[in-house]
Number of protein chains: 2
Amino acid sequence: MTKASERNAARIAARRAREGYNVFSRLPAVYAASRSQGQQFLQLGGGLSIVEWRTLWDLHEVGPMTIRDLSAIQRADHSLLSRALPAMARKGYVTMRRDDGDGRQTIVEIAPAGRAAYDCAAPVMARRRAALREVFSEEEIAVFVGFLDRFEEFLRTPVEQVLKEESAK
Amino acid sequence: MTKASERNAARIAARRAREGYNVFSRLPAVYAASRSQGQQFLQLGGGLSIVEWRTLWDLHEVGPMTIRDLSAIQRADHSLLSRALPAMARKGYVTMRRDDGDGRQTIVEIAPAGRAAYDCAAPVMARRRAALREVFSEEEIAVFVGFLDRFEEFLRTPVEQVLKEESAK
DNA sequence: AAATATTACGTGACAAGTCATATAATTTCT
DNA sequence: AGAAATTATATGACTTGTCACGTAATATTT
């Protein structure tokens, strides 16, 4: 039994190691860890959720915007914001008003409570980014981001095209 | 109005571009795109979900394992598997049995329907990986994975430590 | 041998995303 | 001007992932 389970443990370790070079499999864990760490920092910085933090940050940096604009900056589906914003308005973080010029749009603006929450979270989050810069040089970040760009481009190419080009070889 | 909204559009574009260099903000979108593409491929390859595919692949490669082992290979929480497996067993993809030697463990094994589903999905997924290799050289993948390793290490350092080291500077 | 600690698994509660589809407002085309 | 297409938002349904906590089985210590 010991011999068999040892052999098995070795195979499992080998499999895990091999999958370590598969970017597709690595991504979920890395993302989950990033999200989890972000949540911990935000907990110390006043208890905002990730979506709330991103939204307040963006609104603080660029001023009032539509939901579409927010989702474009955050590279996320608009429905995520569409769902999160009413609760944020209820907490007094933001105000939402229909645009006079274009009745389809909703203009979102940071409100006093949102500004306060931002001021509380911002230093902690800034320190997080600073800590990352201590581990990665600016050049390395540029290379890393370049990989993400290329990878994302690959991910956006239509599936049929990927399959077709492959079989055409 | 045009002037103001143009200025605003420029600010939004600038913000989006700037955030493009923030690895923390890029990750969610890249991961979401990867997942989404993966789901599309799997749809063409018989309709497995991502968790199902990963699990069948692992079981096919290394043989019967415990839930813990599966979650270790997949770098995911055991609860994810714990929840997914009963449905997979119901579909006949896997069998689950209590380990005789250690009554806490559940041994998961691929079953005929699971083998069939694997055989159906595997070629499509292999082509996906091959397509990636056409865009990234082996060396580039190694560098990319190296970045992921280092980033993940950063993400696993305790929050207090990150904050302390920073303020100690 | 009994008490204590650890480990494996299950499960509830939640966050962050997606996609598809519906509706209302605005633009564009004829 | 009216019809048709586009755009912004809302909402339902779903997947992937976490963490916390409970329970049962095993391992360790005294």
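Chain letters run A, B, ... following the sequence lines, proteins first and then strands; every chain starts at 1.
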Answer with yes or no whether the hydrophobic clustering places B:V23 together with A:L155; edges join I, L, V, M, F, W, Y residues whose side-chain heavy atoms lie under 4.5 Å apart. yes
Cluster question for you: counting only ILVMFWY and a side-chain heavy-atom cut-off of under 4.5 Å, with indirect links fine, are A:Y31 and B:L80 together? no
Earlier contact from the 5' end, DNA chain C, for A:S79 and B:H78: B:H78
Which residue lies toward the 5' end of DNA chain C, A:R75 or A:R98, if each is placed at its nearest nucleotide? A:R75
Length of the line joining [X]:[atom1] and [N]:[atom2], which is rounded to integer Å:
{"X": "B:D102", "N": "D:dT28", "atom1": "CG", "atom2": "C1'", "result": "15 Å"}
{"X": "B:D77", "N": "C:dC9", "atom1": "CG", "atom2": "P", "result": "12 Å"}
{"X": "B:I107", "N": "C:dT7", "atom1": "CD1", "atom2": "C1'", "result": "15 Å"}
{"X": "A:R83", "N": "C:dT21", "atom1": "CZ", "atom2": "C1'", "result": "12 Å"}
{"X": "B:L70", "N": "D:dT16", "atom1": "CG", "atom2": "C1'", "result": "16 Å"}
{"X": "B:Q105", "N": "C:dT7", "atom1": "CD", "atom2": "P", "result": "12 Å"}
{"X": "B:Q43", "N": "C:dA20", "atom1": "CD", "atom2": "P", "result": "11 Å"}
{"X": "B:L81", "N": "D:dT16", "atom1": "CG", "atom2": "P", "result": "11 Å"}

[X] side chain, from C-beta outward: closest of [options]:
{"X": "B:Q39", "options": "C:dA8, D:dT15, C:dA25", "result": "D:dT15"}
{"X": "B:L80", "options": "D:dT26, D:dT16, D:dT6", "result": "D:dT16"}
{"X": "A:R35", "options": "C:dC19, C:dA8, C:dA15", "result": "C:dA15"}

Sub-4.5 Å side-chain heavy-atom contact between [X] and [Y]:
{"X": "A:E52", "Y": "A:S49", "answer": "yes"}
{"X": "A:Y93", "Y": "A:T55", "answer": "no"}
{"X": "A:M96", "Y": "A:I107", "answer": "no"}

Are OP1 or OP2 of [N] and a side-chain N or O of [X] less than 4.0 angstrom apart?
{"X": "B:S36", "N": "C:dG17", "answer": "no"}
{"X": "B:R104", "N": "C:dT7", "answer": "no"}
{"X": "B:Y31", "N": "C:dA16", "answer": "no"}

Give, ordered by number, those residues of residues 48-67 of chain B having at least one heavy-atom distance below 4.0 Å to an atom of DNA chain D; if nothing qualifies, reply none. B:S49, B:I50, B:V51, B:R54
Given the ring of A:F136, does B:R150 sit roughly above its face, with NZ or CZ under 6.0 Å from the centre of the six-membered ring and within 45° of the axis? yes
Establish, for the pair B:R128 and A:F24, whether the NZ or CZ atom is under 6.0 angstrom from the six-membered ring centre and no further than 45 degrees off its axis. yes
5'-most contact on DNA chain D: A:A32 or A:S82, nearest heavy atom basis? A:S82
Ignoring hydrogens and angles, state whether a donor on the side chain of B:S25 or B:E19 is under 3.5 Å from an acceptor on the partner side chain. yes
Base, sugar-phosphate, or nothing: which does A:T106 touch, judged by heavy atoms less than 4.0 Å apart? sugar-phosphate
By the 4.0 Å heavy-atom rule, please label A:A76 as base, sugar-phosphate, or nothing. sugar-phosphate
